[in-house]
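Atoms considered below: every heavy atom in the structure, side chains included; atoms not considered: hydrogens, waters and symmetry mates. Computed from a predicted structure; not experimentally measured. In what follows, chains are A, B, ... by sequence order, proteins preceding strands, each numbered from 1.
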Amino acid sequence: MEESGGEDSVPPALDKSRVLSVRPLRCLVPIFASTPNFPSYFHPQAAAPIVCNPPTTPFPAGFSPFYPFCVSPNSQNMQIPPQPPPPFGFGGSATIPSPVPFNVLRAEANGDAGPSRRSSRGLQPLQSEEDGSSDGIHVTDAEDSTRGATAQKRRCGSSQDMNVPTSDVETDALVENILESFNLMKFDTFRRADGDKESVQYILLIYDLLRRKISQIEDSKESTPGVTRRPDLRAGTILMNKGIRTNIRKRIGTVPGVEVGDIFFFRMEMCLIGLHAPSMAGIDYMGLKVSQDEEPVAVSIVSSGGYEDDSEDGNVLIYSGQGGNAYKRGLETTDQKLERGNLALEKSLHRGNEVRVIRGVKDIANLTGKIYVYDGLYKIRESWVEKGKSGSNVFKYKLVRISGQLEAFTVWKSVQQWKDGTAARVGLVKSDLSSGAENIPVSLVNDVDDEKRPANFTYYPTLKYLKPVNLTEPSTGCSCQGGCLSSNSNCPCIQRNGGYLPYTANGVLISQTALIHECGSSCKCPQNCKNRASQGGLKVRLEVFKTKDKGWGLRSWDPIRSGAFICEYAGEVIDISRAEELRVENENAYVFYATSTNQPGQFMPGVSIESQKNPFPLIISATDSGNVARFMNHSCSPNVVWQPVLRENSKECDLHIVFYAVRHIPPMTELTYGYGIVPSDKAHQRKKKCLCGSVKCSGYFY
DNA sequence: TGAGGTCAGAAGTAT
DNA sequence: ACTTCTGACCTCAAA
């Protein structure tokens, strides 16, 4: 096309551009009312008492456990406690405040704002962003968000209009719990608009938790035909309204706390952490001041397959402009106009500014789902107009990735090639370490040195009880023919989990608890029952690999979403004396102590960081036989946690130690968990230097 | 089983 | 008020 933008000529297309209204695209400055103290959350020593949740709590046991404890919600002007509680915890029954219906908040938000309402919105732009202090989450008062108020009003109103049951008491209590836990941490100072890794992870954590919980509640209700449930949007809106977000100020280039390669499962996640602000649109842009004028420049784009985008190789992207009904199949298309995002991209081409690129990939694990991969910074090299398939004009932009960044999307491409056999995995020692014991092969890879394999052991995919373990109480399974459903309150398995299914519809753990009750051999439900998420073997393609300095480690070829099942800890169940023997024989014996749930640095809400007696303590030796789990290294900032899971079995104890992801884990990222404290007098002698490299590293582990 | 259609909906921009 | 396109759900044909 003649219109192609050359490097030294302004393309004629630009002439079409209208005079821009030059106003800052973002002039609203949020008020920083309060702020959570998340760092405490990550400190293993930030101990908080833990209480199991008896059935008499004000909340159903399935979702009360999110809330800290010990501090009355009324003690707003509390002082910083010596050891501040983590934002979430396995709720203490006696200390959980009564839930305040969310409606109350809505009423407040409708205008009768209390003294905390700020009228200075829009004033002092940028100032508070720069002179704030350290961390980066915004917590604005609900009253501050007038837009939020209208959104809530609208939601409230519309649900009444549509005659959808408004008894959202559960959801309200849920939100209230989270809110309260934020209020509890109002003792921190102001923040600026820039996030950091912790705040980003923290927000994503809360988002996913809230989303899963809303999903859990929705699942437990009778489904209303025709009503599309969007827990992703619900959770997103709530956090937006509460100001639980970061990196609000738009920026060109890197976003603090977000790394190249990070993955997301919902567009809302990227909104909340400031990676890509529009909840749906593919092009994010901002006004940039140039001398007197201001012009729009693109800051980030999402390439998700809605348009006829094309990727020549992993480092080049041909991106289509927006508009023109190109994405609405069946609808009449029109020529795209050089306005909004398209204009911003055009300007960015000429300014030469960096544009963040987020690539949407199909999620193989969740048929309908999509995964968004942050692929780092690109520059726009050229643009042109071409006729789309429908015959209308479409803008095209060629983006080239800036070199020197961490690999991201290309990793996905490589994995795909290893899988379909078009490329060989470099350093492959053995194609299936499990020799067929797992339903998915487990690769053994060493591209670091010439060590051929780990010390000898027998691959065994599950737990071996050398002697039978008695059940404390006899139990009976369910008889849910088509699989257990949250809406079936008669199902004994659901009841044992506090009235809710512990997993979402796509098999994601909702939150940690002292014990998950899965269906088992004494249940009549089928193998694909939702309450058997940890059964049926591996779901992701794992690889045991030689690390640079920590011996062998474990990672996954596939992306793993937060809460997803990874594997169980296999081996022989032994007693403490045998464990001691083993460790005397070999300091590096593979012994797993599932005796307390102390997992330093773990931060999946629902369980206290405090050491807690496991209701069914187990010690497992994977020295002679075990599975992939034995290769998982320790980290003080782990991406995996373990969780006891009891499968219904009327004859014998069928307890398993199961690993779940605590956050979204991109492909080829090492999987780690917190090893915890070993119950032994000699433990301190066996302290090992920790090499996890985390900022939160305590320096050693056992 | 999977591809394609349907549609209410959110944040941000523009008017 | 408009723009943008998501993500859950629904439908129907193909395997």
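Ranking C:dT4, B:dG9, C:dG7 by closeness to the A:D232 side chain, first place goes to C:dG7. Listed candidates were B:dA10, C:dC5, B:dT13. Nearest to the side chain of A:Y285 is B:dT13. Listed nucleotides C:dA8, B:dG12, B:dA10 differ in distance to A:M280; the shortest reach to its side chain belongs to B:dA10. When the nucleotides C:dT4, C:dT6, B:dG12 are ranked by their closest atom to the side chain of A:K370, C:dT6 comes out on top. Listed candidates were C:dA8, B:dA14, B:dA10. Nearest to the side chain of A:M268 is B:dA10.
A:R230 comes within 4.0 angstrom of a base, heavy atoms only. Among the protein residues, A:G282 comes within range of the sugar-phosphate backbone only, with heavy atoms under 4.0 Å from sugar or phosphate atoms but none that close to a base.
Taking 4.0 angstrom as the limit, A:Y372 places a side-chain polar atom (N or O) nearer than this to OP1 or OP2 of C:dG7. Side-chain N/O atoms of A:K362 include none lying less than 4.0 angstrom from OP1 or OP2 on B:dG2. Between C:dG7 and A:R267, no contact under 4.0 Å exists linking OP1 or OP2 to a side-chain N or O. A sub-4.0 Å separation between OP1 or OP2 of C:dT6 and a side-chain N or O of A:S304 is present.
Using cut-offs of 30° and 60° for the angle between ring planes, the A:F265 and A:H664 rings count as tilted.
Every residue two or more places apart in sequence or in another chain that forms a side chain to side chain donor-acceptor pair (under 3.5 Å) with A:N353 is listed here: A:S348.
If you take CZ of A:R340 and C1' of C:dA1, they are 11 Å apart, rounded to a whole angstrom. Straight-line distance from the CD1 atom of A:I301 to the P atom of C:dC5: 12 Å, rounded to whole Å. Between the P atom of B:dG9 and the CZ atom of A:R211 lies a distance of 19 Å, rounded to the nearest Å. Here B:dA11 presents its P atom at 14 Å from CG of A:D284, a figure rounded to the nearest Å. Atom P of nucleotide C:dG7 and atom CD1 of A:I371 are separated by 12 Å, given to the nearest angstrom. Remark: P of B:dA11 and CE of A:M286 are 20 Å apart, rounded to the nearest angstrom. Regarding A:N342, its CG atom lies at a distance of 13 Å from the P atom of B:dA14, rounded to whole Å. Spacing between atom CG of A:L275 and atom C1' of B:dA11 amounts to 15 Å, rounded to whole angstrom units.
No salt bridge links A:E294 with A:K289; every basic N to acidic carboxylate O contact stays at or beyond 4.0 Å.
With hydrogens and angles disregarded, a donor-acceptor distance shorter than 3.5 Å links the side chain of A:Q336 to the backbone of A:G321.
The nearest pair of heavy atoms linking A:D284 to A:A277 is OD2-N, 3.0 Å.
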